[in-house]
Amino acid sequence: MTAPSPLSAPPSWAAPPFSPPSSPPSPTHHRQAPPDRSSQEMKTASLDAYTASADTWKAETDALHASAETCKADADADAEAKAKAVARTGPGAVALANARIEAAFCWKVLARASRVLAAQPGEPSEASKLAALNASRAWMNGYKGFYSSNYVAITPKIVNDIHKKGGTVLGTSRGGHDTKKIVDNIQDRGINQVYIIGGDGTQKGAYEIFKEIRKRGLKVAVAGIPKTIDNDIAIIDKSFGFDSAVEEAQRAIDSAHVEACSAENGIGLVKLMGRYSGFIAMYATLASRDVDCCLIPESPFYMDGEGGLLQYIERRLKENKHMVIVVAEGAGQDIIAQSIPSSEQQDASGNKLLLDIGLWLTHKIKDHFKSKKTEMTIKYIDPTYMVRAIPSNASDNVYCTLLAHSAIHGAMAGYSSTIGMVNGRHAYIPFYRVTSTRNKVKITDRMWARLLSSTNQPSFLSQKDVDEAREADRLANKPPLPAGANHNVATAFGQSASSSSNGEI
Ligand SMILES: Nc1ncnc2c1ncn2[C@@H]1O[C@H](COP(=O)(O)OP(=O)(O)O)[C@@H](O)[C@H]1O
Ligand SMILES: O=P(O)(O)OC[C@H]1O[C@](O)(COP(=O)(O)O)[C@@H](O)[C@@H]1O
């Protein structure tokens, strides 16, 4: 497949695709001959010197091969020893897997290093640089970049300070996931490791690519690296980008608090992203401690009547003369749909578009106090992309580095999975476990109870709602069985499956 002409030229910083020099780098070791020797003698001397250096590299390569063999033998012995020692208990399987990952990783890296040395008689540092440079490529603008534009070479110089910028230097997009075209591109270019970075949708796309690669029998490792501000990816403790978003969302809440305190019966209302999960709203509320009510998709509420939101707002303004309300963009969709027909429109990736709960609530609250002939001022703040466009914070920068290290270790050992932190430890998680459900706030868990005690808001829930929520959580956390699992595996799986993390960070 010839590379299609790029629809959009690569960015100015993109180096042209790397092509190795036509002839191997000339040896830099031979000395200049004295001026009075014949040219034939000079050629002989240079050839002798070159032969000597080739012998030296061969000896070094042989030595490296020998050490690789030793390393593999030691690692295999270590893995077997660990397996015998702990295979009888649950953790044994994990220890064995880890030992085998280390063994495979060690062998592959050493074998790769010796191949590079054997193939390139130039200085080893040049040889390894050539190999690394030739291997690191990036496709621009999301999945469609695999087939709609050329790749760009990624070098240490190019990525040196990207962690200080918001957004993504690779560009992103929604839609455009054509599994066949993507895997054709991977196969045609002889790629053996693919690192795919993004949210829950991206991980689903990575799973499709993995299944197609497996169907074709290709030796390609696919590493899914979770990145989304929503923290809605299942199993992992948190997603890269979430901490930074919470920090920025708190700044919007602080502004809403200032505005609310500056007016008679002032209300500051902030809408935050998170799509169908309310983690950003929940954690920014807990961080701020100036919030009187936090509304999220996972916790239904109602406006009118006894115990409703409007009654609570009236009471809070009487007590405190001002209040701050935080609403997640996915909250209240059922209530809005009663007055505005739900559009059912989707974005290019198939995500259902949300109705604007922020504007709807602002109008409802204004109309209510107008009908009561009560003075009230509401300041509506929708920070939208400001929460997402900021550079990642220190915590996310460290997390991102560790995710990258784990992803490379796994891919070099030949594993295909989503990489993430689970109960504080980095793990390789099968794609189907991550893509089979979405991480949502559990309103029956401690973290939501902590929020309710922080805001003193009513739970807006009946006991029936709580019981239904508990049952839904239980079913949502029953892990799917691997395809074709037999009774014993199903039983064992049922025993060992732990409930997915719930934002208990
Ligand atoms: N079920 C799926 N199968 C294949 N590709 C998918 C699937 N869901 C989403 N994608 C692709 O993954 C990419 C990112 O998905 P999207 O939902 O837009 O963002 P995010 O990954 O941040 O949630 C898009 O190109 C989309 O087409
Ligand atoms: O950038 P867009 O297309 O407006 O999408 C906005 C959506 O993207 C997000 O910021 C992140 O969503 P993804 O993780 O699915 O990309 C959501 O919180 C928000 O609803």
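Just so you know, residue 1 is the first one in the sequence shown, and it goes up from there. Order of listing sets the numbers, starting from 1, for every ligand and every atom in it.
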Exercise. So which protein heavy atom does atom 9 (C) of ligand 2 come closest to, and at what separation?
Worked result: R388 NH1, 3.4 Å
Exercise. Between atom CD1 of I209 and atom CG of N185, what is the distance when rounded to the nearest 0.5 Å?
Worked result: 10.0 Å
For this session: May I ask you to check whether H257 and H322 place their ring centers less than 6.0 Å from one another?
Result: yes
Problem set entry | Distance from atom 22 (O) of ligand 1 to nearest protein heavy atom, with residue and atom | G199 N, 3.4 Å
Exercise. What orientation do Y151 and W139 show, parallel under 30°, tilted 30 to 60°, or perpendicular over 60°?
Worked result: tilted
Exercise. Taking both backbone and side-chain atoms of S349, is any N or O found less than 3.5 Å from an N or O belonging to ligand 1?
Worked result: yes
For this session: Decide, yes or no, whether a salt bridge links D200 with R275 under the criterion of side-chain N to carboxylate O below 4.0 Å.
Result: no
Problem set entry | Enumerated ligand 2 atoms positioned under 4.0 Å from heavy atoms of G274 | 18 (O)
Seminar exercise, completed: Taking only non-hydrogen atoms of N351 and a 4.0 Å limit, the atoms of ligand 1 in range are 16 (P), 17 (O), 18 (O)
For this session: Decide whether a cation-pi geometry holds between K227 and F240; the criteria are a distance under 6.0 Å from NZ or CZ to the six-membered ring centre and an angle within 45° of the ring axis.
Result: no
Exercise. So D178 and K144, salt bridge (charged side-chain N to carboxylate O under 4.0 Å, His left out) or not? Walk me through it.
Worked result: CA-CA 7 Å; D178 181 319; K144 67 180 182 182; over 6 Å; no
For this session: Check ligand 1 against K204 and write out every atom of the ligand that is under 4.0 Å from a heavy-atom position of the residue.
Result: 1 (N), 2 (C), 7 (C)
Problem set entry | Y385: numbered ligand 2 atoms lying under 4.0 Å from its heavy atoms | 1 (O), 2 (P), 4 (O)
Exercise. Between atom CD1 of I267 and atom NZ of K379, what is the distance when rounded to the nearest 0.5 Å?
Worked result: 11.5 Å
For this session: Take every heavy atom of D230, measure it against each atom of ligand 2, and state whether any distance is under 4.0 Å.
Result: yes
Exercise. Identify the closest protein heavy atom to atom 6 (C) of ligand 1: which residue and atom is it, and at what distance?
Worked result: G201 O, 3.7 Å
Problem set entry | Under-4.0 Å salt bridge between D184 and R216 | yes
Problem set entry | Intermediate values then yes/no, side chain to side chain contact (heavy atoms under 4.5 Å, CB included), L461 and I443 | CA-CA 10 Å; L461 293 175; I443 56 173; 3.5 Å; yes
Problem set entry | Mode of T202 contact toward ligand 1 - side chain, backbone, both, neither (heavy atoms, under 4.0 Å) | both
Seminar exercise, completed: min-distance protein heavy atom vs atom 16 (P) of ligand 1 -> R174 NH1, 3.3 Å
Exercise. Quick check: does G198 get an N/O under 3.5 Å from an N/O on ligand 1?
Worked result: no
Exercise. Going from OG1 on T455 to CZ on R316, what distance comes out if it is rounded to the nearest 0.5 angstrom?
Worked result: 9.5 Å
Exercise. At a 4.0 Å threshold, what atoms of ligand 1 neighbour a non-hydrogen atom of E208?
Worked result: 3 (N), 4 (C)
Exercise. Under 30°, 30 to 60°, or over 60°: which ring-plane class applies to F460 and Y312, parallel, tilted or perpendicular?
Worked result: perpendicular
For this session: Could you find the nearest protein heavy atom to atom 13 (P) of ligand 2 and give me its residue, atom name and distance?
Result: R275 NH2, 3.7 Å
Exercise. What residue and heavy atom of the protein are closest to atom 5 (O) of ligand 2, and at what distance?
Worked result: R174 NH2, 3.0 Å
Problem set entry | Protein heavy-atom partner closest to atom 4 (C) of ligand 1 - residue, atom, separation in Å | G205 CA, 3.6 Å
For this session: Just jot down the ligand 2 atoms closer than 4.0 angstrom to any heavy atom of T228, in number order.
Result: 13 (P), 14 (O)
For this session: May I ask you to list the atoms of ligand 1 that are less than 4.0 angstrom from any heavy atom of D200?
Result: 21 (O), 23 (O)
For this session: Tell me whether the guanidinium CZ or amine NZ of K211 lies under 6.0 angstrom from the six-membered ring centre of Y207 and within 45° of its axis.
Result: yes
Problem set entry | Non-hydrogen atom of G175 closer than 4.0 Å to ligand 1 | yes
Problem set entry | ligand 2 contact on D347 by region, counting heavy-atom pairs under 4.0 Å | neither
Exercise. How does D347 reach ligand 1, if at all, at less than 4.0 Å between non-hydrogen atoms: by side chain, backbone, both, or neither?
Worked result: neither
Exercise. Can you list the ligand 2 atoms lying under 4.0 Å from a non-hydrogen atom of E329?
Worked result: 17 (C), 18 (O), 19 (C), 20 (O)
Exercise. Does NZ or CZ of K238 come closer than 6.0 Å to the centre of the six-membered ring of Y399, within 45° of the ring's axis?
Worked result: yes
